[in-house]
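Here the structure is laid out as C-alpha cells; the discussion comes afterwards.
In listed order, ligands and their atoms are each counted from 1.
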Amino acid sequence: MVEKINLNPAVPPIPRYKDKRGVDVRYMLISPYASAHIFWDSKINELVYELEEPILTEEEKALLTRVEEAMLELINVNVAVENTLEATTNYIDKTARLLIDELNIKITSESYKKIFYYLFRDFIGLNEVDPLLRDYFIEDIECNGANTPIFIVHRVFRNLRTNIVYRDIDKLASFVEKLAQRTGRYVSYAQPLLDGTLPDGSRVNATYTKDVSSRGPTFTIRKFTKIPWTPIQLIAMNTLSPEMLAYFWLLIENKSNILVAGGTASGKTTLLNALAFFISPEARVVSIEDTREINLPRENWLPAVARTSIGVGKVGEIDLFEILKASFRQTPDYLIVGEVRGKEAFVLFQGMASGHSSISTMHSDSVDTLIRRLQTPPISLSPTLVNTLDCVVVATHARVGKQETRKVREIVEIVNVNADGTAIVNTPFKWDAGKDIFYSKKQSKVLEKIAMRTGTPIDKLYKDLVTRAKLLYTLYRKGVFDFDQVGWVVNEFHKNPVAVLQRYGIRE
Ligand SMILES: Nc1ncnc2c1ncn2[C@@H]1O[C@H](COP(=O)(O)OP(=O)(O)OP(=O)(O)O)[C@@H](O)[C@H]1O
Ligand SMILES: [Mg+2]
C-alpha cells in the first residue's frame, strides 16, 4: 500500500523575523511528499518560495510519462474527482500498479511512492500548482506567462518568487484549459478570457493566447477561505469558554472596542469573525480586509477588500488607509478591520474615539508588546487614543496533550493608559495551560464602565452574562453549530430574548 497522503497537515506557527536575510522556514503541504521552503536567496537578494517535491531519476521520469499516458486513456478524470479522496487514491494506486506490471517493469517501493505522488497530484489535483493551493499561507498565485516564475502572496512574507516556471507555452496553455475545466467554463482563442470559481471557492482569472510575441497564457488564482466558524464551534474546540463569549456578547452589544492579538496563524481572524456574530442585527457594519475571509450572517453589512497588486508594477493598488478613510463616510456603527498593520491604525483609533466601535486583529504575542507597538513608529498613537481601546484578547497556538489547538490565552481590559505610555490593565479571564481550564474573576472594569454609562445595575449585567453563557452552552450541547442557525438564534435573541430562552429551556 502507498503511504497515506495527508492533505491537511497542521498549520505551523511561523516566527516573525526582524531581518529577512535570516528567514529559513519549511513546512509540509501534502504530507509526506511536498513541502514549502522559504528562505533568503543571497544570489538574487530576495526571499524565495521553493516548492519541494520528490526528485525523480531519468528512468522514473520516463516511467511516469508512460504510466500517465496509459492512464489518461483509462481514467475518466471527472469520475475520479467526484469520488471520495480515499476511493480515488486507491483507484489510481491500483491502476498504476496494473499498468507498471503490464509494462513488465520492476521498480522499488521508494520509486513507486514518488511516481504515485505525481499521478495523484496531476490526476486529482492541479499539477504543480496543487501544493500551492493547499498552502494555508498563500493568498494569491500569479503566473505571467511561460519562462517567468510564478509569484505568490504569502500571509507572512508577502510577495515571493517561486521556483515554478512553465518552460513551454503549450504546457501552460493546457494547464489553463484544465483550470477552465475545473471551473466548469470554456476557453478558446475566440473566448480567451476566463473568469471562474474552483470547487474550493478560489477565484480564477486567466488569458488564453498563443501569441508568440507575448509570453503566452497567464493566470491568477485568488484563494477564498471556507465558511467561518461560529462561536458555538469555538466552544466545541475548547478555544474559549461560554462565559468568555457571553462577556464579548455584552461588550459588543454595548459598542466596545476590541482588538484580537496573537501570533501568525494563532486563530485571530477566526475569533474575530466569531465575535462579529454578536453585533446587533440592525447595526451598520463595514468590514475591511486584504483578503476576503470575514463572513457574517447579516444583511446590513458592507464588505471591502484592499488589494496590493503582485508581480510587476503596482497598478490597481488600493491601500487600507484610503479604504478606511472612505469607510467612515459610510457612518458605520461597527467597523471590522481584518488586520491592522501600519498607518491606518491612526484613522481607526480616531474613528473609535469619535464613536465608531471596532473589532480588529493585530499581530502581536502579548498585550505589552501591542501597547508599545501602537505608540511607536510607524503607528505612533498618543496614549489618549490607545485608551479608547476597551479590551485586548490574546489568541495563541497551544499543544494540549498531543493535540495542536488554538486558545484564548487571556482577555485583558485596558483600564487606563498613562501619559508615559504604560497601561493599567485588568484581566477578567485567563487560560490555565497546565489544567486546560479557563479562570474568570468576577470583576470587569469594562462591564462597570458599561453599567455607569447605560445606568444598568452591575448585578444585572453579571446576571445577563450568566444567562447568555447558559444559552451558548445549551446551543453547544444541542449541536447548534451551523453558521445560519447560530446567526439566527443570536439575531432572534436580540429581538425577543424571552422567547429564545424559553425555546431552549433556560431559566434566568
Ligand atoms: N479555535 C481554533 N481551533 C482550532 N484551529 C483553529 C482555530 N482557529 C483557527 N484555527 C486554524 O488555525 C489556522 C489559522 O487561523 P486564522 O486564519 O484564524 O489565524 P490568524 O491568526 O488570523 O492567521 P494570520 O496570522 O495568517 O492572519 C486555520 O487553519 C484555522 O483553521
Ligand atoms: Mg488573520
Say whether [X] and ligand 1 are in contact under the criterion: heavy-atom distance to a ligand atom below 4.0 Å.
X: Thr405; result: no
X: Gly338; result: no
X: Phe137; result: no

Looking at Asp368 and Arg372, does any basic side-chain N land under 4.0 Å from a carboxylate oxygen? no

Please determine whether a side-chain nitrogen of the Lys or Arg among Glu139 and Arg158 lies less than 4.0 Å from a carboxylate oxygen of the Asp or Glu. yes

Kindly determine whether Glu413 and Ser444 satisfy side chain to side chain donor-acceptor pair (under 3.5 Å), including the steps that lead there. CA-CA 8 Å; Glu413 299 178 335; Ser444 154; 2.6 Å; yes

Under 4.0 Å from a heavy atom of [X]: which atoms of ligand 1 are those, numbered in the order shown and with their elements?
X: Thr239; answer: 1 (N), 2 (C), 3 (N)
X: Gly263; answer: 21 (O)
X: Met237; answer: 3 (N), 4 (C)

Does any N or O atom in [X] lie less than 3.5 angstrom from one in ligand 1, N or O only?
X: Ser266; value: yes
X: Lys268; value: yes
X: Leu234; value: no
X: Arg155; value: yes

Do you see a donor-acceptor pair shorter than 3.5 Å between the side chains of Tyr33 and Glu53? no

I want to check something: taking the side chain as every heavy atom from C-beta on, are Leu374 and Leu385 in contact at a cut-off of under 4.5 Å? no

Student check: side-chain heavy atoms of Phe219 and Leu179 closer than 4.5 Å: yes

State whether the number of non-hydrogen atoms from other residues, nucleotides or ligands found under 6.0 Å of Arg341 atom CZ is greater than 12. yes

Heavy atoms only: which of Leu272, Thr264, Thr270 lies closest to atom 30 (C) of ligand 1? Thr270

Is any N, O or S atom of Thr270 under 2.8 Å away from the Mg ion (ligand 2)? no

Do Asn6 side-chain atoms and Ser31 backbone N/O form a donor-acceptor pair below 3.5 Å? no

